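Just so you know, these numbers come straight off a predicted model, no measurement behind them. Side-chain atoms are counted along with the backbone in the values below, which use heavy atoms only and exclude waters and symmetry mates.
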Amino acid sequence: MAQLRIALAQTNPTVGDLSSNADKLVAWTRDAAERGAHLAVFTEMFLTGYPVEDLVLRTSFVDASIRMLEEVARRLHREGLGDLPVVVGYVDRAGLAPRVGQPKGAPLDAAALLHRGEVVTRTAKHHLPNYGVFDEYRYFVRGDRLPIFRLHGVDVAIAVCEDLWQEGGPVSVVGRAGAGLLVSPNASPYEKEKDDVRLELCGRRAREAGCALVYVNQVGGQDELVFDGDSIVVDGSGELVARAAQFEEELLVVDLDGLPVSDAEPGMFPHDAGDGTTITVERLVLSSEPVAPYEPVPAPVAEQLDPHGEVYSALVLAVRDYVAKNGFQSVILGLSGGIDSALTATIASDAIGPSRVNVALMPSRYSSDHSLADAEELVRRQGITSQIVPIADIVNAYEKEIELSGLAAENLQARVRGMILMGLSNQHGHLVLTTGNKSELATGYSTLYGDSAGGFAPIKDVPKTMVWELARWRNAHTRPGFLLQAERPIPENSITKEPSAELRPDQRDTDSLPPYEVLDRLLDDYVEKDMGSQELIAAGHDPALVTRVIRLVDLAEYKRRQYPPGPKITPKNFGRDRRLPITNRWRETTA
């Protein structure tokens with residue numbers, strides 16, 4: 001039996017920034033070497049960032065990825081790190097002749113083993129996900145090779161991300177080939193309560209492969225997606241050995257004991273993958289002699305966040321990375337004194353620090369005294385920068401030139417506010433954050449070019465009832481990484497008062513919508529679970545309300561298509577997950 005010390009590089013790459021990602025790989029590999037690691041494992045497509053979407057259809061991009069892989073292998077050797085083997089994800093190209101239906105250039109979602117200045121072996125994802133946010137049949141061709149390399153006597157196999165999530169393929173071959181360790185680079189996006197699914201999956205696959213399993217996951221925000229890390233190591237029986245923190249970069253160093261020593265011959269061996277394809281096992285040897293016995297370091301197991309802490313941390317990380325990776329120095333939003341803008345401001349302060357958060361208080365003739373007071377109290381508690389821009393005279397100027405009434409007049413106020421925010425954005429370079437929640441987006445309870453105007457939408461995928469829950473959670477909690485140190489940063493009145501857009505006298509959200517606790521249950525079944533009208537009624541929803549809400553949701557598709565991107569935290573967000581035609585005459589019927 002043998003020992004190995006594995007370094008799991010739970011990292012936050014930037015899409016398209018190959019040079020900076022390579023610098024990070026070298027720095028983290030140096031850290032792993034200094035901590036005595038025998039193998040460092042980085043995440044899926046780390047060198048290019050993930051997902052790169054249509055960039056992989058450009059020959060120049062794929063060529064750059066392949067060149068950078070080879071350059072960083074040589075660089076590691078030059079800097080004295082070549083003796084530490086490194087597994088890293090990148091984009092490669094298959095040696096296939098062009099054919100109809102194949103992605104241009106036949107790109108591969110690949111991983112490579114770097115050692116002593118060389119790219120020793122390469123592999124690619126075999127199972128290509130084509131569901132939810134994934135669209136990989138559009139971009140990649142499947143891999144058909146499983147490298148198993150001997151490291152200090154232990155045979156180590158490599159399988160990329162989705163190959164753990166599907167039956168058959170590389171994992172089943174690993175079991176028959178008798179590897180002693182399976183390492184899996186991943187870029188698995190966050191969804192609520194996904195961590196337990198991953199742990200169960202890793203345990204099942206370890207038992208199937210008959211060996212310990214190292215699951216290394218990306219962390220960070222990329223447009224709508226948030227990656228939560230939560231990297232995992234399990235033993236051959238599927239029991240948890242070590243776990244990294246959620247939503248934080250971390251080099252997790254883990255000692256594995258009792259690994260089998262192999263004497264299998266190197267070479268190429270075809271295997272039935274169990275899914276109608278053949279996978280070729282490539283056996284190669286880096287080192288045959290086990291390391292001298294040593295005292296293992298204790299395996300860290302990070303404490304998992306509670307459900308609200310998970311969601312809130314995902315939103316904070318999404319805002320932080322969207323701001324940083326797109327080169328913004330500050331953000332601005334309209335602060336009304338209501339719960340949505342209060343939560344959005346707090347997320348921004350936790351993400352980038354209150355000194356970089358700007359708010360505009362834009363009272364109208366219908367704004368209540370408590371709205372302005374609640375907004376000013378939040379500004380005081382958090383220390384963010386504010387200015388008051390009354391809009392009554394601006395609205396009056398419009399109304400002198402054009403006659404508007406009813407909903408059009410109400411929306412004019414929202415559009416004036418949107419114009420002010422965009423003007424301040426242009427003047428000072430702020431990123432405008434919109435404050436709409438998922439319940440409002442679902443039902444079209446927003447104004448195009450008004451409250452929907454902006455560059456990023458932090459709570460776009462958060463139902464209204466969860467907005468209140470997150471606000472209460474944040475007032476009772478903080479955690480390392482949050483930059484806002486104020487206690488109870490959200491005024492209680494913003495949480496407890498009845499929600500209102502305040503676009504007409506005594507307006508309440510319930511004038512237009514059912515109570516949010518009723519609405520959100522219905523929206524969850526219709527939007528998340530794709531239930532039809534008869535299924536909704538059978539599930540206990542009021543038939544008249546089903547008809548009304550379905551109509552609101554269906555007619556608002558054109559608004560959602562024009563809404564800014566925002567972080568995905570539910571299984572089916574608006575945008576990457578739920579894709580419906582705008583021009584669409586299909587209507588659910590209750591008959």
Side-chain angles (χ1 to χ4, degrees), residues 1-8 29 32-33 35-42 81-88 111-116 118 120-123 145-160 163-164 170-185 202-216 231-242 252-271 279-299:
M1 293 297 183
Q3 292 175 290
L4 284 179
R5 179 169 291 178
I6 313 297
L8 289 71
T29 301
R35 295 173 65 178
H38 303 118
L39 175 67
V41 185
F42 287 79
L81 301 169
D83 287 339
L84 175 58
V86 173
V87 174
V88 62
L113 174 65
L114 313 181
H115 189 231
R116 294 179 177 170
E118 301 291 334
V120 177
T121 188
R122 308 170 192 240
T123 186
R145 179 172 294 188
L146 174 68
I148 299 180
F149 61 96
R150 190 160 306 149
L151 178 62
H152 297 300
V154 179
D155 280 354
V156 182
I158 306 171
V160 180
D163 291 341
L164 291 184
V171 176
S172 62
V173 174
V174 169
R176 294 197 296 276
L181 175 64
L182 173 59
V183 298
S184 180
C202 289
R204 188 168 74 251
R205 292 294 181 242
R207 290 188 292 271
E208 179 183 346
C211 64
L213 188 151
V214 170
Y215 172 100
V216 189
S231 299
I232 295 169
V233 180
V234 297
D235 62 21
S237 66
E239 293 299 312
L240 180 65
V241 173
L252 177 65
V253 177
V254 181
D255 283 314
L256 294 173
D257 291 317
L259 300 175
V261 176
S262 174
D263 59 0
E265 291 295 320
M268 308 287 281
F269 307 93
H271 284 261
I279 289 179
T280 298
V281 172
E282 178 191 14
R283 288 187 177 275
L284 59 150
V285 177
L286 297 187
S287 52
S288 296
E289 190 66 26
V291 297
Y294 64 90
E295 186 66 27
V297 298

Worksheet, complete the sentence: Tightest non-hydrogen contact, residues S237 and D235, listed as OG-OD1, 2.7 Å
Worksheet item: Is there side-chain contact between D257 and P296, with at least one heavy-atom pair below 4.5 Å?
Response: yes
Response to the item:
side-chain hydrogen bond (donor to acceptor under 3.5 Å, both in side chains) filter on R207, not counting sequence neighbours, yields none
Discussion item. Under the rule for ring-ring contact (aromatic ring centres under 6.0 Å, His included), what residues qualify as partners of H115, not counting sequence neighbours?
Written reply: none
Fill in: L181 CG to L39 CG distance, which is reported to the nearest 0.5 Å
7.5 Å
Fill in: From CA spacing to verdict: side-chain contact (heavy atoms from CB on, under 4.5 Å), V120, L286
CA-CA 9 Å; V120 177; L286 297 187; 4.1 Å; yes
Discussion item. Counting C-beta onward and ignoring hydrogens, is there a side-chain heavy-atom pair between V233 and I6 closer than 4.5 Å?
Written reply: no
Worksheet entry | Heavy-atom pair of closest approach, residues P185 and A159 | CD-O, 3.4 Å
Fill in: Any residue meeting salt bridge (charged side-chain N to carboxylate O under 4.0 Å, His left out) with D255, in chain and number order, not counting sequence neighbours
R5
Worksheet item: Between T123 (side chain) and L146 (backbone), is there a donor-acceptor pair under 3.5 Å?
Response: no
Discussion item. Give me the atom names and distance for the closest heavy-atom approach of P170 to I279.
Written reply: N-CD1, 3.5 Å
Item to complete: Not counting sequence neighbours, which residues clear side-chain contact (heavy atoms from CB on, under 4.5 Å) with S231? List them please.
Response: L8, Q10, V216, N217, A244
Worksheet item: Got a second to check how far I148's CD1 is from T121's OG1, nearest 0.5 Å?
Response: 10.5 Å
Fill in: Pairing residues for S262 by the side-chain hydrogen bond (donor to acceptor under 3.5 Å, both in side chains) criterion, not counting sequence neighbours
R150, D155
Discussion item. Nearest 0.5 Å, please: how far is CD in Q3 from CD in E295?
Written reply: 8.5 Å
Worksheet item: What heavy-atom pair brings A7 and A32 nearest, and what distance separates the two atoms?
Response: CB-CB, 3.6 Å
Worksheet item: Quick one: which of V41, L182, L164, V234 gives a side chain to side chain contact (heavy atoms under 4.5 Å, CB included) with Y215?
Response: L164
Item to complete: Just jot down the side-chain hydrogen bond (donor to acceptor under 3.5 Å, both in side chains) partners of R145, sequence neighbours excluded, or say none.
Response: none
Discussion item. Checking V160 against S184 for the side-chain contact (heavy atoms from CB on, under 4.5 Å) test, could you report, in this order, the C-alpha distance in whole Å, the side-chain angles of both residues, the deciding distance, and whether it holds?
Written reply: CA-CA 5 Å; V160 180; S184 180; 5.9 Å; no
Response to the item:
d(D163 CG, I158 CD1) to nearest 0.5 Å is 11.5 Å
Worksheet item: Of all heavy-atom pairs between A179 and C211, which one has the smallest distance, and what is that distance?
Response: O-CB, 3.4 Å
Practice prompt. Would you give the length of the straight line joining atom CG of L84 to atom CZ of R116, rounded to the nearest 0.5 angstrom?
Written response: 11.0 Å
Worksheet item: If you measure from CG on L259 to NE2 on H152, what distance do you get to the nearest 0.5 Å?
Response: 12.0 Å
